[in-house]
Amino acid sequence: MNIFQEAASKENKTLNVIFGSITFGLLIAATYLTLTHHPFANTINLWQAKLMGDDKYFPALTILLLVLPPLLILLPVKLLVFKFFKK
């Protein structure tokens with residue numbers, strides 16, 4: 001019985017680095033948009049302030065809401081690419 005997973009192939013490690021870099025890049029871009037008060041971020045901030053009722057918003061929630069859609073698109077792409085390279 002093998003408890004540990006076998007080491008990933010060189011191609012899988014390379015793909016993990018690529019997709020990890022894309023993910024961090026998306027997080028950095030969302031943080032930049034939030035902290036520079038880009039119109040996308042302002043829309044979310046105004047929605048949060050209206051929802052809270054006291055004109056306060058949470059920048060971390062804004063970052064999450066900005067980065068979530070691209071990450072949800074990236075997930076099936078990553079799964080398809082890994083499935084393609086596994087064959």
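For this chain, numbers begin at 1 and follow the sequence in order.
In terms of the ring-ring contact (aromatic ring centres under 6.0 Å, His included) criterion, residue partners of F40 (sequence neighbours excluded) are, by chain and number, H38. Applying the side chain to side chain donor-acceptor pair (under 3.5 Å) criterion to T34, with sequence neighbours excluded, gives no partner residue. Contacts of L65 classified as side chain to side chain contact (heavy atoms under 4.5 Å, CB included), with partners at least two apart in sequence or in another chain: I44, W47, L61.
Taking CG of L15 as the reference point, atom CZ of F82 lies at 5.0 Å (rounded to 0.5 Å). With rounding to the nearest 0.5 angstrom, the CG atom of N16 is 6.5 Å from the CG atom of N12.
Under a hydrophobic clustering in which Ile, Leu, Val, Met, Phe, Trp and Tyr are joined whenever their side-chain heavy atoms come within less than 4.5 Å, directly or via other members, F84 and L74 fall into the same cluster. When the side chains of ILVMFWY residues are joined at heavy-atom separations under 4.5 Å, either directly or via intervening members, L68 and I28 end up in two distinct hydrophobic clusters.
Grouped with I63 in a hydrophobic cluster is no other residue, since no side-chain heavy-atom contact under 4.5 Å to another Ile, Leu, Val, Met, Phe, Trp or Tyr is found.
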Can you list, pair by pair, the side-chain donor-acceptor contacts under 3.5 Å of residues 49-60, counting residues two or more places apart and other chains?
none

Without placing hydrogens or testing angles, list every side-chain donor-acceptor pair under 3.5 Å for residues 17-27, not counting sequence neighbours.
{"unit_1": "S21", "atom_1": "OG", "unit_2": "V17", "atom_2": "O", "d": "2.8"}
{"unit_1": "T23", "atom_1": "OG1", "unit_2": "F19", "atom_2": "O", "d": "2.9"}

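Heavy atoms only, all atoms of each residue included: N42 and H37 are closest at ND2-O, 3.1 Å.
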